[in-house]
Structures are given as structure tokens and as C-alpha cells.
Amino acid sequence: MREETMAGVDRRVRISHLLKSAQIGQQVEVTGWVKTSRFSKNVSFVHVMDGSTPNTLQVVIRPELVEAFQHRLGVGAAVRITGTLVPSPGAEQPFEVAAETIVIVGDSDPSTYPMQKKATSLEFLRTVNHLRPRSNTHQAVFRARNALAWQIHRFFQERGFLWIHTPILTGADAEGAGELFPISNAVDFFGHPAFLTVSGQLEVECFAQSHTDVYTFGPTFRAENSNTPRHAAEFWMIEPEMAFADLDDVIALTEDFIREVALATMDQCADDFAFFGKRIAPGHPEQVRQVVSKPFARITYTEAQELLAKSGRTFEFPIGWGTSMQAEHERYLAEEVFQGPVFVTNYPWEQKAFYMRLDEDGKTVAATDLLVPRIGEVVGGSQREERADVLEQQILRRGMHMDHLQWYLDLRRFGTTPHGGFGLGFERMLMWLTGVANIRDVIAFPRVPGASF
RNA sequence: UCCCGCUUAGCUCAGCUGGUUAGAGCACCUGACUGUUAAUCAGGGGGUCGCUAGUUCAAAUCUAGCAGCGGGAGCCA
């Protein structure tokens, strides 16, 4: 990897590299955007960022040089600066660049530039989605987002999982996972209705039954009118699927995944997570690190209900076997009882999707939700129903139509295997790691109900 | 979709029970300043107080409706 330069741009140096391993006295050329600038009679300072690190590079400018540029070196201007790397007398940075030449590549009028050198609210930044990537927070968030995606792929690739690209356009709401966005001209074009996908799981099962270990990682769409800090109409989802695997295998994979990916992402972006822990959610990333380092707890739904009954708490929503676990119940278990991630398994079949494997008692299914403090459910997984007759029964007892599911039943007719996997909201995991509270702040251009774009 | 809250300068906010020309900090402009770290100091410009209607001698302030935003809940990832 050539972190230090861009292909074909020989002299240009990334600030991250420069601050790590450049040599004192070295001649450097830096490109980036002015973050803040201070001018005085004898010496002036311009801080430049280029997106490679949360740290800015301090450029020192002598009076002769600053005169020509002072009015063009305000916040936001794009610059190309050459100079010598020298030790900095200031306490805040080890090095700085003594400027020799300055080129204003792109002017930026400070009186109308919406971004401030002062901290601004995340709410305001949402009104300038096109410029907010330059904010400290979004600089860090989108480096972390990139790292998380990278580490997720690395985790699966190292284990021999194949990345399968399941369709974005799909024919029917087979899973019942929320409202779909219809494609308005689908009937004319395809000859039948079509929608934006809500999950690639059913399709990826075909590839688990051919390539054994596979996963999806792509965009997903929900037309739910959910106006909350945790929901978006367009988000990314990860769905691994394994053949010759049962619920225990799914849970083991989930735990390894959460632990390894979380730690690797925080290591890859150590500076950014230091920023999150200082400015966004004090102490939060360090807590996540501790929590994922311990073994995760595991209880059944039945045991969870017993714990809730024994809690002595008054909950807003009813508890007891057969009731659905509400956010307040999940938070109580993850935050107070276990104080860390907990797998809850074997939910009543009525509460879960049709494809989940019916347990021997006929009352519960081999499903699991991973609950974590603050966020609630992060991962939902299950062993799938691999018995054709039982699956048919589960489809019928829900009043679902089987016409569109014959291909899915075929997987159970020709070389069926026990199999399973989980689904993970990419942005939810990113929020959990970084401590960013609103999903709109971890998506470049968030699509939510009522959004105009 | 339901409940609650908010909306005053480019940004973050103050403006008590209605009462003269609407305030601060930051940003911006001008000047000063021997190394700053969201520099500092002095001066300046900048507002139809979300919109509409109403109550009143008088509305940023009270009432209603609408809109936008935020928080909680549901749905879920």
C-alpha cells in the first residue's frame, strides 16, 4: 500500500504519513483544505487537513509570504503548499511545515462558507450534507465507516466466505421484513411488480447451498415511516450464511465477528476512536473494547422472561412467556443484568420469521438476537428450517402464499442441509462503536422519511 | 404513525410575568499584536424574532393552525 503518495503524484504527501514518519529537514508538498488560520505581524499559522488523519498540519508562514495570501487563506480554501519539515516549538504538534510556496488551488469566501472553525451542531451539519465531510466529526466518522467495511470483508475473506451480490431489485416481499419501496414502472418493464430489496438473505441461501460459506454486504431499503435516530430508508446490511451449520455455529460466528471486527476497526482508526472517546461519547469506545473482549452471555427467551419477572421492575410493556421483548426489556438485560452483549435464543415461533427452524418442542424457533448496551438488538440470526414439510407448514400457518416461494422450497428438496446465518445493520454497528447517536450522522447522504434531496 | 419539546444574526444561545431604536459569544470586515493552538485586544457591518391568523392601545413574548427540526415510543436493522 502506498499510503505516502498518490499514484502519479510523486511529491504530494499525505498528512497522516508526514506526522508519523517524515524526516526533519525534508522538503514536502502538502495538499488539502484550510481548517483554521491565525495571522499576526511577524508570523502566521495555517492548519491544513487532507482527510487522512484527524490531526491537522500546522504551516508556518513568514510575513513576506503571507501578505499576498492572507485574504485567501481563510477556512475552506484548497491549497498546495511546499516547504521544509521542521520541529515545532508549540506543544500541540511535534512537526510543522515552514512554508516556501503557497498556491491557492480553490478559493473559498469565508463570509459565506457555512462551515466554521468553531464546533457546530450535528443538526446544523445535516443541513449541509455536501460540505459536512470536512467537519472533524464526519472526517472521523467516514474513516471509521471505511475501516469497518474493510474489516468486515477481511473477517469473512480470511475464513473463506464468498461475497455474493444479491439483487437490489426483487420480485416479492418474501420475508415480511417491513414495507417495500415499489418500482413504479416494474409491471411494464418486468411484467410483474418489483421492489427495492429489504434483505438478500433468501437469495444468498441458494449460494450457501452451493458454496457453503457466503455473505452479502450491500444496500437495503425500508419504506417504514420510522422517524427515529436509529432508522433510515436506505442503509447497508451484512448477512452471512453457512451450510452444514446449526444455531451454535451461528452464535459462535456472531461472537467472533463482533469481537474481531470491533477491535480491528478501533485499531485501524486509533486516532479517530480517540477523538470519539473525547468529543463524541466520552469514554465510550474504551467501554466497547472492554465489553467485546469478554465472552458474551447466552440465555434462552424463556430464561430472559424469568429474569424479567424476577427483576422486581415495573415495565411499561407486559412481560411473561409469549410477550414480545420491548426495547426497555432488552436494555435491562444487556445494561443491568449482563452489562455487556447477551445472546437471547429460542423465541416463540409466532414472533419470528417463517424461515426459522422449529425447535423440537414445537413452540420456539432456533433464533437468536444479540443485545448490546445502549443500542439494543445489533444482530439477529437463526438456523433456517431445512425440512421441506415443516417449512411448508410454517408458511401455511402464517397465511402466506407459497407460489413465490417454490424456488425456496426447492432448496429443501434437492440436497438440503442444516444451515443458518445472521443479519447485521452496518450503520447500527458503526453507531455502537463510535458512540454517534444518530444514524443520519454516519450516512453520507441519509435518506429518511420526509427527506428532500 | 403516536406522545413531548424546540424554532431570535452565518453558527451557538440570552431575552423574567406583553411595554421605547432586539442582545452576547463565535464567524465576517478594519486595525493592533515577536510563535499561535477555537490566539488575544479595539472598532465595524449584519436580524420582517419559522409561517399564517387571532387577542391587545401595544406581540420575539399570549392563543390557534401549519411547517421544519429534535427527543421518546412503535415498526425494525
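Below, chain A is the first sequence line, B the second, and so on; all start at residue 1.
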* **rG46(B) to rA22(B) separation - C1' atoms, rounded to the nearest Å** => 13 Å

* Asked: Charged N to carboxylate O under 4.0 angstrom, Glu241(A) versus Arg384(A)?
  -> yes

* Structure fact -> Which of rU12(B), rU36(B), rU1(B) is nearest the side chain of Asn225(A)? It is rU1(B)

* **Nearest-Å distance once atom C1' is located in both rA60(B) and rC13(B)** => 14 Å

* Glu255(A) bridged to Arg298(A) by N-O distance under 4.0 Å -> no

* Inter-nucleotide C1' distance (rU56(B), rG18(B)), Å rounded -> 9 Å

* To do: Can you figure out which of rU1(B), rC33(B), rA39(B) approaches the side chain of Lys41(A) most closely?
  => rC33(B)

* Asked: Roughly how far apart, to the nearest Å, are rC75(B) and rA67(B) at atom P?
  -> 26 Å

* Which nucleotide, rG72(B), rC76(B), rC75(B), lies nearest any side-chain atom of Arg222(A)? -> rC76(B)

* Asked: Reckon Glu234(A) touches a base, only the sugar-phosphate, or nothing at all at heavy-atom distances under 4.0 Å?
  -> nothing

* From the options rC11(B), rU37(B), rG70(B), select the nucleotide whose nearest atom is closest to the side chain of Arg126(A). => rG70(B)

* To do: Choose from rA73(B), rU37(B), rC28(B) the nucleotide whose nearest atom is closest to any side-chain atom of Thr228(A).
  => rA73(B)

* Asked: Can you tell me the Watson-Crick or wobble partner of rG35(B), both distances under 3.5 angstrom?
  -> none

* Base paired to rC51(B) (Watson-Crick or G-U; both N/O distances under 3.5 angstrom) -> rG65(B)

* Asked: How is Ser88(A) classified with respect to the nucleic acid when contacts are heavy atoms under 4.0 Å: base, sugar-phosphate, or nothing?
  -> base

* What interatomic distance, in whole Å, is found between P of rC11(B) and the corresponding atom of rC49(B)? -> 15 Å

* For rU40(B) versus rU36(B), give the span between their C1' atoms, rounded off to a whole number of Å. => 10 Å

* **Nearest-nucleotide pick for Glu224(A), side chain only, options being rC75(B), rG35(B), rU37(B)** => rC75(B)

* Asked: So which one's nearest nucleotide on RNA chain B is more toward 5', Pro449(A) or Gln326(A)?
  -> Pro449(A)

* To the side chain of Ser111(A), which of rC33(B), rU37(B), rC28(B) is closest? -> rC28(B)

* Structure fact -> Testing rG70(B), rU37(B), rG72(B) for proximity to the side chain of Gln58(A), the answer is rU37(B)

* Check every strand shown and say whether Arg230(A) touches a base, only sugar-phosphate, or nothing at a heavy-atom separation below 4.0 Å. => base

* Would you state whether a donor and an acceptor, one from the side chain of Glu328(A) and one from the base of rG72(B), lie under 3.5 Å apart? => no

* Structure fact -> Partner of rC57(B) under the Watson-Crick or G-U wobble criteria, both distances under 3.5 Å, comes out as rG19(B)

* Asked: Can Asp441(A) and Arg132(A) be counted as an ion pair, charged N to O under 4.0 angstrom?
  -> yes

* **Who pairs with rC28(B) - Watson-Crick or G-U, where each distance is under 3.5 Å** => rG44(B)

* **Most 5' of Ile439(A) and Phe39(A) on RNA chain B, judged by nearest nucleotide** => Phe39(A)

* Asked: Using the ring of each side chain (for Trp, its six-membered ring), is Phe155(A) parallel, tilted or perpendicular to Phe257(A), with breaks at 30° and 60°?
  -> perpendicular

* **Mate of rG70(B) where both pairing distances stay under 3.5 Å, Watson-Crick or G-U** => rC4(B)

* Could one point to a donor on the side chain of Arg62(A) or the base of rG35(B) with an acceptor on the other under 3.5 Å away? -> yes

* To do: Could you give the distance separating rG15(B) and rA9(B) at their C1' atoms, to the nearest angstrom?
  => 14 Å

* To do: Kindly point out which of rC11(B), rU37(B), rA73(B) is positioned nearest to the side chain of His47(A)?
  => rU37(B)

* Asked: With a 3.5 Å cut-off and just heavy-atom distances, do the side chain of Gln116(A) and the base of rG10(B) make a donor-acceptor pair?
  -> yes

* Interatomic distance at C1', rU61(B) relative to rC26(B), whole Å -> 26 Å

* Just name whichever nucleotide pairs with rA9(B), Watson-Crick or G-U, keeping both distances under 3.5 Å, else none. => none

* With a 6.0 Å cut-off on ring centres, are Phe217(A) and Phe426(A) close enough? -> yes

* Asked: Considering only heavy atoms and no angle criterion, is a donor-acceptor pair shorter than 3.5 Å present between the side chain of Ser226(A) and the base of rC76(B)?
  -> no

* Ignoring hydrogens and angles, answer whether the base of rU36(B) and the side-chain atoms of Gln93(A) contain a donor-acceptor pair closer than 3.5 Å. => yes

* Under a 4.0 Å N-O cut-off, is there an ion pair linking Arg14(A) with Asp50(A)? -> no

* Counting any heavy atom closer than 4.0 Å, what does Ser40(A) reach on the DNA or RNA strands: base, sugar-phosphate only, or nothing? -> base

* Aromatic ring proximity, centroids under 6.0 angstrom, Phe315(A) and His329(A) -> yes

* Structure fact -> With the side chain defined as heavy atoms from C-beta on, Pro89(A) is closest, among rC11(B), rG35(B), rA39(B), to rG35(B)

